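As the structure is a computational prediction, the values presented were derived from the model and not from experiment. Here is how names work: the chains are called A, B, and so on, in the same order as the sequence lines, proteins then strands, and each is numbered from 1.
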Amino acid sequence: MSLASRVQLPSGRARRGVTCPYCFAVVERQRIPFRCRGRAGRRQGCEPVLDRPLADYLGSTAGASLPPVFPAPGRKGRADCPDCGQPTGNRVCPECHNPLPPAYVDSPGRIVALVGAKNAGKSTYIAVLLHELMNRVGTELDASLVACDDRTIERYKRDFARPLLEQRRLLPTTASAATSPREPLVYLLTRTRRSRFAPGRLARPRNDSLALVLFDTAGEDLRSREVRDLHLRYLEAADAVIFLVDPLELPGARSALLEGAPGLPGTPADDPDSEPINVIARVTEALRARHGSRPGEPLPVPVAVALTKIDVLRPALLRQSALHRSRGGAGVLDLDDREAVDAQVRALLHDWEAGQLDTFLGQQYADHALFGVSALGGIPEGGRVGAGGVRPYRAEDPLLWLLYKFGMLDGLRPGDDAPSQGA
Amino acid sequence: MSTDAEYQREVLEPARAAGDRPPEDLRVRYALPDPLTSAAVAARVKEVRQCWRRARGQLKYRKLVDRLEAEHRELAPLFQAAERGDLRPLAERLRGGEERTAARRGQARARLADAGGTLRMVAPAELEGIARTAGVARAELESLAEADRIEVREPDRLPVSPPYAAYRTVRESLEVLGRRHLAEFVFGGRLRGPMRVAAGFAAPGPNGEALRLDAAAVAATAEAWAKRGRDTSTTHADTVLAALKSVLRSDADLLAELVRFDVVERLRERLRQRASDRALLRYAVEDLGVEPGDARRLVFAVLREAGPGGGPAGRLRALLDAGEVYAAAELAEAAGTAGPEDGEAALLAAEARRRVDTAVRLREHAAAETDPDRAWLLLADALRLVRDLPGAREHQERLPPRPVPEVRADVDGTVVRLSWRPSPSTAGEVAYRVVRRAGRPPRTASDGEPAGERDDRPPVNVPLFYGVAAVRGGAAAEPAVAGPVLVRPEPDEVELVPGDGTVTGRWRCPAEAARVEAVRDGRPVAAGREGFRERVPNGTTLHYLVRAVYLDGDGREVATPGVRASVTPSAPPDPVYELAAEPDPADPGALRVRFAPPAHGTPELVLVDRSPPWPRSAVVPLEEVRRESRRVPATAAAGGLVVRPGAGGWLLAVTVSGGTAAIGAYHRHVHLPPPGRLVAERRGAQVHVGFDWPPDVAEVELTYRVGAAPSAVPGPAGSGEARREVVTRAAYDTQGGIRVPVPEELPVEIAVAAAGILDGAPVTGPPVTAEVGARVLVHYDVERAGPPWRRTLTVRLECARPLRVRRLVLVRRAGRVMPHRAGDGETIGDWAEVPVPGEVSVPLPKGAEGHWLRCFAEDDVIELRDPPVRRLRGAR
């Protein structure tokens with residue numbers, strides 16, 4: 001199958017209902033309850049009450065006192081509160097009572113899971129990817145990225161942006177979910193596009209939304225089957241998976257890379273669980289259980305496998321390679337560039353005796369693509385970001401490919417006039 | 001509160017008078033300021049406690065001060081809190097104090113009302129007793145008594161013994177005759193109204209005339225009785241008349257006294273029969289016909305004498321209690337006829353006599369004693385026994401203490417300080433009196449002007465003698481004398497001002513001095529009374545001695561030790577008129593400042609964070625410059641100084657000489673440190689630039705010149721044009737560095753410098769630079785031609801400029817994986833020195849269906865650029 005071809009997404013679930021991006025419960029669209037807007041200023045409304053399901057989800061009653069939740073048919077996304085009669089458009093998950101943004105309820109909920117072994121750089125990647133989507137790449141794509149809840153805003157600032165981007169400190173290793181409870185970061189990515197089939201004044205802009213649910217899983221949480229189950233619902237609900245692989249964890253690559261970059265960390269943990277192929281195998285197992293597909297049948301979930309920290313690759317290794325060039329195309333996916341990077345990374349994997357990773361993905365997934373990313377753009381020094389600060393490089397590539405797969409981004413081959421429309 | 005004396009007068013004395021009861025109001029007790037502030041309260045409390053400690057030395061205050069100290073221990077937390085700044089507990093307590101005072105006043109008032117009773121009269125001693133026990137000042141209680149219409153008066157001294165010895169028979173006769181009292185016997189029906197008896201006799205008679213109690217009245221009565229027939233009643237009348245006449249014979253005034261005694265005796269009798277106050281008053285007014293005011297006075301007096309210990313015994317006891325033992329003894333002597341029933345009076349009289357005897361013996365011993373201290377103590381003992389012992393106190397007052405053994409007087413500038421050893425006398429309270437006498441020693445304690453321990457204004461240039469006399473009571477010992485001392489002040493406010501080749505001296509000459517002389521290095525300087533001015537060489541430190549010269553008693557000149565001062569005259573500093581500052585090309589961050597060296601003074605550079613506050617060329621005190629600016633360390637360099645300001649501001653040249661600085665030219669310096677660790681990496685058609693952002697800088701200027709790098713890489717060098725771009729910190733952070741579009745075939749020279757605004761114009765700091773070389777890109781494509789059984793592959797090469805590829809290899813690899821290097825597959829073509837643009841062809845050997853084709857160049861300079869992947873992958 002060609003890399004650039006569109007894969008039919010599992011849209012059945014989307015038609016059937018909405019997946020809560022917090023608890024991953026699947027809810028029928030008509031059954032999504034509402035939350036009263038409550039009293040504000042002179043406006044009459046219900047008093048806040050303790051929301052037990054939300055408090056259970058948060059693990060604390062702090063911040064769980066809110067106006068009451070009530071079920072309603074919810075035509076046109078609005079309903080009147082039975083107690084105070086005020087109309088409301090705030091919708092919540094019936095299970096965990098977390099807010100469901102209207103755009104998320106209306107548009108197909110795409111949950112992107114981020115997976116990687118320990119030290120693969122997931123937290124750093126999340127921090128930089130969100131920063132890029134909010135700034136440079138967001139501008140390029142004419143897309144906005146907004147957090148769906150206050151907790152996401154606070155966590156992003158506290159745990160990601162402030163230490164890494166402002167203070168230039170490397171993020172600490174994420175604590176295991178077994179010891180500290182974790183919530184996903186839920187963002188709504190909205191793109192404005194003009195239809196190419198109605199040019200000129202008739203070209204009316206159209207907004208497409210994508211819920212980006214990023215779950216910063218601790219590396220070791222995926223290494224043992226028991227702890228991984230905590231994240232099973234997350235993985236099961238995923239519409240796409242970004243799998244991060246640290247090239248230094250690949251035995252064949254390590255020796256080759258260390259020659260060129262003496263400042264890299266020492267030997268990896270001699271732990272078979274941390275090998276990327278083993279982690280991928282377990283995730284695959286979880287996805288396969290949920291999709292109920294037969295052993296030989298490829299899974300319909302698109303998987304982006306990204307080699308992180310490609311800034312450590314020696315220039316000689318990248319000679320004649322697309323990896324040392326900036327991504328081509330602006331506001332579109334350059335399909336030639338995409339294929340060149342994919343072929344280059346595949347060649348590197350085989351070169352580093354990690355070809356079976358590619359082979360396994362080919363066998364298990366209907367659609368997978370290979371990427372090389374660098375979140376920091378340079379080698380860190382002494383627990384801090386290296387010279388020049390955070391200078392990400394090709395960090396957005398996996399997400400652009402997924403947007404293309406979800407039909408939110410056009411693909412283009414330089415030299416061809418007609419772009420390839422999203423699925 | 002200014003002095004101990006004032007505190008003692010205003011606080012301790014009233015408290016002592018109120019029975020050593022500390023004043024309840026803490027404002028009074030601690031003389032607290034108003035309004036309360038924590039600092040003032042702490043200071044005042046400390047001051048007052050010191051005053052207590054000093055006052056405790058006096059016996060009379062000891063008990064009071066002990067009480068004050070004991071209560072202070074309980075109050076200490078309030079003052080500690082106040083000292084910490086929390087005045088609330090103290091204020092609370094002060095309010096509480098007022099309430100307690102009010103409550104106590106109420107109690108005292110009630111006691112006073114009880115004591116006054118129906119008569120509404122109290123004795124001063126009773127009032128004082130109430131005041132003492134209730135803790136209220138006597139004056140306050142007096143005003144309360146006045147408000148309550150309670151009269152405070154001493155009870156009238158009523159006669160204890162009758163003026164007429166056989167009064168008892170007179171009384172019996174009056175009763176037989178049916179007369180209420182003696183006055184009625186005398187005046188009979190002529191008595192028309194209430195009579196006054198308390199102070200002399202007065203009563204209204206018929207037709208408004210006043211009745212006179214005199215010999216005529218008695219005679220008239222006798223005459224009236226004489227006219228009557230003799231019977232038993234005339235005998236009784238005779239008895240009474242005989243008494244009256246007998247009294248008249250000895251003293252006419254005693255007649256009124258007898259009448260009063262008669263009334264008083266009747267009241268006493270009723271009192272003995274347990275009549276109440278009210279009943280007594282009614283008896284006096286209604287039955288005896290005494291005027292109400294007098295009746296109150298008499299009843300009051302009778303009640304007081306008949307109170308506990310009343311009568312002669314009571315009088316004696318009162319006198320003994322008051323310490324008037326001598327008076328008691330006298331009284332006992334006078335009333336020597338006290339009846340046998342008055343055993344208590346006899347006991348008290350004996351006591352009084354015994355004490356007087358002892359005291360008199362002591363007084364006599366004292367008179368014979370030669371040692372005044374011992375005599376004083378004997379008299380003190382005598383007075384303790386008998387306070388009113390005649391002559392004792394006067395004698396004691398005349399006993400002086402022993403004189404002060406030694407006194408010293410030290411002149412301290414214009415002040416004389418006195419110090420002395422105390423008098424060896426320990427008896428009584430010994431005080432000291434200091435006198436000053438010019439010319440000769442003082443002979444007595446009052447021979448001279450009074451002075452203190454410190455004489456602040458002694459006469460100048462006069463021999464002075466000081467006498468210190470020990471004083472006890474009214475007697476002063478012979479003064480101990482110190483002196484003569486001479487007070488000769490030095491010249492005041494001596495000041496030497498250095499000038500350019502001159503020294504000016506200034507001072508204030510003491511009025512009494514004859515002149516002032518100045519000496520430099522042992523040689524006198526021509527000086528006037530108020531100063532001098534002389535020419536001296538610059539740059540040398542000169543030492544001066546300035547002293548006052550006085551004339552002594554013989555007219556000879558005497559010089560004081562003098563005041564020393566040094567000065568270094570120097571030429572005034574010349575300002576730096578112009579300066580030029582430019583970054584040091586060899587050292588980014590350093591500034592090379594050039595200026596013409598000033599003729600006088602040492603130039604230095606200071607940094608001011610605002611426009612210099614002094615006009616150019618002004619000469620100002622160096623301290624002012626130091627206060628307003630920061631000195632910038634500098635190293636000398638040709639034509640000026642090299643400095644590292646480290647911050648932005650005005651870099652000002654000042655010339656320093658002595659204590660002055662000349663303000664010179666300045667340079668407005670914008671601190672623009674260079675960015676750190678510049679990284680420039682080629683990423684295809686972009687160069688990704690990163691650097692460590694310089695601190696406190698908001699913008700940088702990026703300058704890049706495409707194709708300009710004079711590098712070894714062949715290319716169109718030097719053809720580029722510099723482009724400038726200002727990048728803000730925010731843009732840098734959000735964009736993740738700076739991306740500069742640079743064609744891959746061209747080199748680029750990049751410079752980044754911190755940017756700022758100076759006087760409205762943009763300025764940049766020292767730049768950091770980097771170069772990124774060009775790549776020689778050779779694009780290739782692989783074209784398949786010919787029928788499947790005889791396929792040929794043509795490799796077409798293109799480049800921006802003609803060149804030759806040293807070696808070109810075409811590799812085929814079967815399977816899904818792209819060949820990564822030349823050794824990754826089967827080499828199906830191998831060419832050397834391939835011209836570009838151009839093409840080479842090779843037949844495709846038979847092999848696998850799915851395969852990859854890829855070219856590799858073995859050339860250090862050029863880089864091959866693959867065609868799209870789909871062109872490289874395929875079937876035959």
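Ranked by heavy-atom pairs under 4.5 Å with chain B, the first of A/P392, A/G378, A/A340, A/G377 is A/P392. Of the listed residues (B/V817, B/I738, B/V689, B/V679), the greatest number of heavy-atom pairs within a distance under 4.5 Å of chain A belongs to B/V817. Looking only at heavy-atom pairs under 4.5 Å with chain A, the residue among B/D824, B/L777, B/L678, B/D866 that has the most is B/D866. The candidate from B/A685, B/G684, B/P819, B/A857 with the greatest count of non-hydrogen atom pairs under 4.5 Å with chain A is B/G684. Per-residue heavy-atom pair counts under 4.5 Å with chain B were compared for A/D358, A/V390, A/L165, and the maximum is reached by A/D358. Most heavy-atom pairs under 4.5 Å with chain B: of the set A/R136, A/H131, A/R327, A/E166, this distinction falls to A/R136.
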ask   = Are A/D311 and A/S374 close enough, and set up right, to give a side chain to side chain donor-acceptor pair (under 3.5 Å), and what steps lead you there?
value = CA-CA 6 Å; A/D311 48 272; A/S374 170; 2.6 Å; yes
key: Worked verdict on A/Q344 versus A/S321 for side chain to side chain donor-acceptor pair (under 3.5 Å)   = CA-CA 7 Å; A/Q344 180 71 49; A/S321 158; 3.3 Å; yes
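B/R813 places a side-chain N or O within donor-acceptor distance of the main-chain N or O of B/M818, the cut-off being under 3.5 Å.
Around CZ of B/R870, the count of heavy atoms belonging to other residues, nucleotides or ligands within 6.0 Å exceeds 12.
In this structure, A/Y187 and A/Y156 have perpendicular ring planes: the angle between them is above 60°, well past the 30° mark.
Interface remark: B/R854 contributes side-chain atoms only to the contact with chain A (heavy atom separation under 4.5 Å). For B/F856, the parts lying under 4.5 angstrom from a heavy atom of chain A are both the backbone and the side chain. For a residue to count as touching a neighbouring chain, one of its non-hydrogen atoms must lie under 4.5 Å from one of that chain's; by this rule B/W693 does not touch chain A. A/R168 touches chain B through its side chain: at least one heavy atom from C-beta onward sits under 4.5 Å away, while N, CA, C and O do not.
Considering only heavy atoms from C-beta on, B/C855 stays 4.5 Å or farther from B/V809 through its side chain.
Under a cutoff of 6.0 Å and an axis angle of 45°, A/R338 and A/F371 form a cation-pi pair.
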